[in-house]
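All heavy atoms count here, side chains included; hydrogens, waters and symmetry mates do not. Everything numeric in this text was worked out from a predicted model, so none of it was measured.
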Amino acid sequence: MASIGMLKNTVGLVTGGASGLGRATVERFVRQGAKVVLCDLPSSNGSEIAESLGSSCVFVPSDVTSEEDVKKALDTAKSQFGRLDSVVNCAGIGVAFKTYNFNKNLPHNQNDFLKVLNVNVGGTFNVIRLAAGLIGQNEPNEDGQRGVVVNTASVAAFDGQIGQAAYSASKGAIVGMTLPIARDLASQGIRVCTIAPGLLDTPLLAGLPEKVRKFLSSTIPFPQRLGYPDEYAHLVQSIIENPLLNGEVIRLDGALRMMP
């Protein structure tokens with residue numbers, strides 16, 4: 001691990017790195033002088049993004065729920081860059097459906113619920129459990145640190161809205177496992193934190209009508225706008241560079257509290 005307070009010359013692995021928060025994180029890492037393994041689905045434009053960033057970034061097609069895929073990404077980090085210092089888990093999916101739709105006499109699809117949990121919770125844990133072994137091989141820095149893990153939850157973990165049972169459950173699980181994983185990995189000098197973003201201007205929100213985007217912005221106390229993906233990436237950098245941040249969940253939401 002590089003000296004405390006430095007992102008430069010570190011090696012990071014970012015899941016969901018081809019769009020939204022993940023892409024912003026990959027791009028910030030490269031700007032700051034880090035090397036990055038960009039992980040995303042084969043159908044993503046990860047290859048083009050990595051190519052545009054030069055030799056500091058390599059794309060590995062990955063399904064975060066696949067042990068084989070994640071191991072391949074870790075092997076790439078080792079072979080291409082020599083080690084792994086940080087992991088940023090941005091990969092995730094969502095579904096919007098009420099627990100029971102009384103108008104259609106239709107319950108929430110159980111498979112949809114389980115898929116969201118599998119990708120968001122199972123995928124996040126799969127990456128952490130496998131990456132910890134590689135990060136743990138690093139020589140500790142002067143503070144005893146070997147690396148950092150940053151996960152992505154959501155304000156929906158705390159203020160879940162109507163139709164967000166599956167998504168909120170998955171993000172709540174990520175919040176809930178932050179501290180125990182931080183405790184599990186503490187003996188090896190690996191810190192673990194989670195960011196819970198509010199309304200950020202990701203591709204999902206970019207497709208909404210401008211009237212809806214303005215309404216969403218008006219619900220945020222201050223600053224009264226959608227957050228920028230690079231503000232998420234900036235917080236990732238801050239977590240990595242601040243050695244006392246560990247086992248913590250940080251809301252990044254402009255004081256937003258979601259209403260039903």
Side-chain angles (χ1 to χ4, degrees), residues 1-7 10 12-16 20-22 24-25 28-29 32 34 64 84-92 120-132 135-136 138 140-160 167-200 202 220-223 227-258:
M1 190 71 186
S3 298
I4 296 171
M6 293 293 291
L7 187 59
T10 64
L13 183 150
V14 181
T15 71
L21 307 183
T25 301
R28 174 172 278 269
F29 272 39
Q32 296 294 323
V64 291
L84 181 64
D85 299 304
S86 63
V87 167
V88 185
N89 283 303
C90 293
N120 294 1
V121 186
T124 294
F125 185 72
N126 189 42
V127 174
I128 297 172
R129 72 182 183 91
L130 296 172
I135 296 174
N138 294 337
N141 66 8
E142 60 267 35
D143 206 38
Q145 176 175 285
R146 287 184 168 88
V148 185
V149 174
V150 181
N151 302 315
T152 307
S154 167
V155 295
F158 313 101
D159 314 327
Y167 186 71
S168 294
S170 70
K171 295 304 186 177
I174 292 172
V175 167
M177 69 187 186
T178 300
L179 181 58
I181 295 176
R183 288 171 166 172
D184 284 350
L185 302 181
S187 63
Q188 205 63 20
I190 301 173
R191 296 187 289 113
V192 182
C193 284
T194 292
I195 299 173
L199 295 173
L200 272 63
T202 60
I220 304 170
F222 186 82
Y228 305 132
D230 189 59
E231 289 172 324
Y232 169 92
H234 191 177
L235 182 53
V236 171
Q237 180 180 349
S238 299
I239 290 170
I240 291 173
E241 293 181 344
N242 190 324
L244 200 59
L245 281 173
N246 193 18
E248 186 57 83
V249 178
I250 305 171
R251 292 182 66 131
L252 183 67
D253 60 15
L256 172 70
R257 295 300 180 266
M258 303 285 276

Nearest 0.5 angstrom please: [X] [atom1] to [Y] [atom2], how far?
X      : Y      : atom1 : atom2 : result
Asp85  : Ile190 : CG    : CD1   : 10.5 Å
Met258 : Leu199 : CE    : CG    : 5.0 Å
Met6   : Gln237 : CE    : CD    : 10.0 Å
Leu245 : Cys193 : CG    : SG    : 5.0 Å
Ile128 : Ile181 : CD1   : CD1   : 4.0 Å
Asn89  : Thr124 : CG    : OG1   : 4.5 Å

- Tell me, yes or no, whether the heavy-atom count around Phe158 atom CZ, taken from other residues, nucleotides or ligands under 6.0 Å, exceeds 12.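 Yes, the 6.0 Å shell around CZ holds more than 12 heavy atoms from other groups.
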Are [X] and [Y] close enough that some pair of their side-chain heavy atoms sits under 4.5 Å apart?
X      : Y      : result
Val121 : Phe125 : no
Leu185 : Ile135 : no
Ile240 : Thr10  : no
Ser86  : Val150 : no

List for me each residue that meets side-chain hydrogen bond (donor to acceptor under 3.5 Å, both in side chains) alongside [X], sequence neighbours excluded, and say none if there are none.
X      : result
Tyr167 : none
Arg183 : none
Thr25  : none
Asp230 : Arg28, Arg31

Check: residues 246-257 side-chain donor-acceptor pairs under 3.5 Å, at least two apart:
| from | atom 1 | to | atom 2 | distance (Å) |
| --- | --- | --- | --- | --- |
| Asn246 | OD1 | Val192 | N | 2.8 |
| Arg251 | NE | Asp253 | OD2 | 2.6 |
| Arg251 | NH2 | Asp159 | OD2 | 2.9 |
| Arg251 | NH2 | Asp253 | OD2 | 3.0 |
| Arg251 | NH2 | Leu256 | O | 2.9 |
| Asp253 | OD1 | Ala255 | N | 2.9 |
| Asp253 | OD2 | Arg257 | NH1 | 3.2 |

- Query: Ala153: what forms a side-chain contact (heavy atoms from CB on, under 4.5 Å) with it, not counting sequence neighbours?
  - Reply: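 Here the qualifying residues are Lys171, Ile174, Val175, Thr194, Ala196.
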- For Thr202, which residues count as a side-chain contact (heavy atoms from CB on, under 4.5 Å) partner, sequence neighbours excluded?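 Per chain and number, Thr202 pairs via side-chain contact (heavy atoms from CB on, under 4.5 Å) with Leu21, Leu200, Leu204, Leu205.
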Which heavy atom in [X] sits nearest to a heavy atom in [Y], and how many Å separate them?
X      : Y      : value
Pro229 : Gly20  : CB-O, 4.0 Å
Ser168 : Gly160 : OG-CA, 3.2 Å
Phe29  : Gly12  : CE2-CA, 4.1 Å
Val64  : Ala91  : CG1-CB, 3.8 Å

- Spell out, as yes or no, whether a donor-acceptor pair under 3.5 Å connects the side chain of Arg146 to the backbone of Asn138.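 It does hold such a pair.
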- Task: Answer yes or no: is there a donor N or O on one side and an acceptor on the other, between the side chain of Gln32 and the main chain of Leu7, under 3.5 Å?
- Result: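 No; zero donor-acceptor contacts below 3.5 Å.
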